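In what follows, a single structure is set out as structure tokens and then discussed.
Values reported hereafter were calculated over all heavy atoms of this structure, with side chains retained and with hydrogens, waters and symmetry mates removed. Here the structure is a predicted model, which means the values were calculated and not measured.
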Amino acid sequence: MKIVWYNTKKYFLEKNCMTELKIRYNPYEQKTEYEIYSKEKESWITPVSDSPLAQTQHTNGTLKGHIEDSIKVIDKVYGGNGLKITFEGTDSDFEEFGEYINYFNENNAKSIEYEKAKKYYRNASEVLPLLERSFSEVKNRLEKYRTGETAKEIENCLDAFNPTIPICAMGLYSVGKSAFINAIIGREVLPSATDPTTAKVYKISNREKCEIRYTIGSEKKTEQFKNGDEAKIHDFLKEINSDEQVGDLIEVDVPFVRSILSKGYDFVIYDTPGPDSKSNADHLQVLKNCLEKQTNGLPVFVTEPKGMDKKSLGEIRNMFGNLKLDMQNILIVVNQADGTGNDELKNKKENKGQLEITREKSGGVFFVSSIIGIGAKKDNFDKNNDSEWINASYFGEYRKNYDDFSTTEGKFAKSLYKYNFMIESEQKAYCEEAEKIDSSDIREILHYNSGIHCVEKAISEYAEKYASYNKCRNSIEFFEKASNFVTKKINELSGKLSADKKEVRTELLKELGKKYEELKNAYSTESVEENDKHLNKFYNKKDNDLKILKEWDNCKKDNNYEKLITEYIKNDIVDAFLKKWHEEIVTFSREFWINKTEDYKKECVKVITGSEITDEQKKSLSEIVFSANSPEFTDKPFTFESDFKVVKKLFWFIKRLNKELFSKIDTFLTTKCGEQNTGIQKLHSEEFNEWTVRLESELDKKMDEFNEQLRKWTEEINDLESNRNFIENHLNESKRLLEMVIDKESENG
């Protein structure tokens, strides 16, 4: 017996536990949904709020971030009689999902089955080129508005699709953030920030030329260096770092050395202040301004082994929570792990659930020795050669720990990546990759054993996968911003146009408006009266009565009353008359309103020719009026079948021909004719009114042309509306690309 969660928010016990599950993962929203198949109800059921699978740790964030724990929960709750899981998501996520299921089965003696669903999401690699093409097309449309005060708004639109991937290193002071960044970029350029009060925000970019940019007051400064002048760059940064006149942001361009991050992507690394910085509020604003112009950044929280059980990560999350950072995928780097013994590191891994740092969702916990990582990237990485080292204490630590990190064998050999908190299947694959390194390749062994290589790989995988999905999601933001910008411009110009129109409106349009109101009411009243008069002429009650009496005698001889009702009164009298009247009233009303349309044109021209505008303008407006095509004045289908049952029922009740029956037929016919009159009159009256509105609009546009400024604004509004439609089409198409689709081939197969 096993507890199963139903959508009825109650627990039920089933002898045969449900074994079919569906996992739906949307990588663009980073949301996971679960459904369980109920054999009893023969339908898929969503877990309720108190189900383990409804909790945020299993539904929010990347699939990689929670799949390990989620599968364990699924197996524990539903795996009593075996499991079959159907996965709805991208091809790459299904592959990752399958790898973990295979690993789970192998290491837990399980046999969970899994399959790819017919429904799936497109991979970002497939969607992104399409979105980038749309982005380029929309960008070209926006370029024409990039002038003056609108330039900044246009930049904000374009920034949503910025290709740069920010990496934000954050953490408390004295945990080696600067050393960690130096290890990543392969250059010992950033000085240690020993004074929290004066420390700056560093922005380090991977560029071919070495350059430092900073500000003193409002003045922008630039210093250029030769490639390889690490000591000079380091000393210069150390100098301006303590200068209170220097602005909070210092930009550093250097080529990254022997780093995975130097390939394929434009990474920018930020060295950010910690929560213990006295001026962190100012620094945070600097960082926020930088990140606003870039794709969601990847946060990297740097701590140390003794800080793994502190609540500093929670403080960091609160501090940086409102910035444009992907906190779901935050990487936790435990620096200075070279000073921790292997047994202690192993103990931390085995008891990771008890550590404060694992209470927060992350993209993994990585143990590193930044100093070993820096040494691995030196041209001369020998432990006895200090010629390339700038920081003497760094070199001392490197020389002391070199032997343990330069080998994979022996009791004291240190491979920090073995102790990382990662998805087990991924860690196993990484360890197998590291074991294939040639034992003579000491540099590569140092790089891997330092843990820096594993962090670089995690950052690269983020860029390859999650950053691409973020960029796809940001495309929606870009198109929405662009649409809002254009709409704002339309509203601004429409406001100006409306205000100026009120000032330049002549008595002409006022008089035309009065004439329209006067004639509209008169025409409608006259239409009703004329239709009623025409009905009185058209309908002859006596003729109908005589026809019915004549047919009555024939039917009475045969005793066939049904024939009188169905074949004669209904078909030959009622149906035939109403059909004929409908045709008659449509034709009559159409002719009436066509004549009134011509009358209205003449009245409009009288008003125009009597106004104070120029003769040329009078001629131009009059031509518009006379050339305006009259409305078609359409037909309106009319039915009456069901209502005739009243007459039929009455006839079968009395079984004789009398005045009451004649009266009923007469009332029915006149009522239905009146309804047709009203319907056709209302339809043609509305069509006439719509035509006058169109005519007034044409006259209005023409009068705008008489004013050069109004004409330009009108043209600009039309252009903006065209561009807005263009942008919104791309917006809708972008949303469609991010939606789930059905595999037609598998569906047909």
Side-chain angles (χ1 to χ4, degrees), residues 61-62 64-66 165-185 190 192-193 196 199 201-204 261 267-277 280 283-284 287-288 290-291 296-337 340 345 348-349 352-353 355-370 373 416-417 419-422 450-452 454-463 466-467:
T62 64
K64 177 181 177 181
H66 65 70
I165 301 174
I167 310 298
C168 298
M170 53 188 68
L172 303 178
Y173 278 88
S174 300
V175 296
K177 269 195 293 120
S178 298
F180 167 71
I181 295 174
N182 285 337
I184 293 293
I185 67 178
L190 293 186
S192 298
V201 175
Y202 287 100
K203 176 184 176 183
I204 306 100
L261 304 190
F267 290 102
V268 172
I269 302 175
Y270 290 91
D271 186 3
T272 64
D276 50 350
S277 167
N280 71 68
H283 293 153
L284 275 177
L287 181 61
K288 183 177 181 179
C290 293
L291 293 177
N296 283 3
L298 174 66
V300 178
F301 176 65
V302 183
T303 186
E304 56 186 342
K306 64 182 181 182
M308 294 180 71
D309 209 25
K310 295 180 180 179
K311 296 183 178 180
S312 51
L313 177 56
E315 295 176 12
I316 289 289
R317 282 185 182 275
N318 294 334
M319 179 177 167
F320 291 89
N322 63 342
L323 298 185
K324 202 172 182 182
L325 295 173
D326 190 352
M327 300 304 287
Q328 295 281 358
N329 288 300
I330 185 171
L331 301 183
I332 300 173
V333 172
V334 184
N335 194 22
Q336 302 173 5
T340 305
L345 291 172
K348 287 183 180 294
K349 182 173 178 62
K352 61 182 179 181
L355 295 171
E356 185 69 32
I357 205 167
T358 60
R359 298 183 188 277
E360 301 279 351
K361 186 182 287 292
S362 72
V365 177
F366 303 83
F367 291 93
V368 305
S369 168
S370 296
L416 294 180
Y417 60 82
Y419 308 103
N420 292 345
F421 304 169
M422 302 166 57
S450 70
I452 292 296
C454 195
V455 175
E456 291 175 344
K457 186 171 184 178
I459 293 173
S460 296
E461 288 178 351
Y462 173 84
Y466 303 116

- Message: Quick one, Ser450 with Val368, criterion side chain to side chain contact (heavy atoms under 4.5 Å, CB included). Give me CA distance, side-chain angles, the key distance, then yes/no.
- Response: CA-CA 5 Å; Ser450 70; Val368 305; over 6 Å; no
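Summarising the geometry of Cys454 relative to Met422, their closest heavy-atom pair is SG-SD, 4.1 Å, with the distance given to 0.1 Å. Taking every heavy atom of both residues into account, Ala463 and Phe267 meet most closely at CB-CZ, 3.5 Å. Of all the heavy atoms in Pro305 and Ala337, the pair that sits closest is CG-CA, 4.1 Å. The shortest heavy-atom contact between Leu190 and Ile204 is CD1-CD1, 3.9 Å. Across Lys349 and Asn420, no two heavy atoms sit closer than the pair NZ-O, 2.7 Å. Closest of all the heavy-atom pairs between Leu416 and Ser369 is CD1-N, 3.4 Å.
Contact check for Val365 versus Met308: side-chain heavy atoms found under the 4.5 Å cut-off. Under the 4.5 Å side-chain criterion, counting only non-hydrogen atoms from C-beta, Asn182 is not in contact with Ser370.
The neighbour count for Lys352 NZ, taken as heavy atoms of other residues, nucleotides or ligands under 6.0 Å away, is above 12.
Side-chain rings of Phe366 and Tyr417 stay apart, their centers remaining 6.0 Å or farther from each other.
Residues forming a salt bridge (charged side-chain N to carboxylate O under 4.0 Å, His left out) with Lys64 (at least two apart in sequence, or on another chain): Glu426, Glu461.
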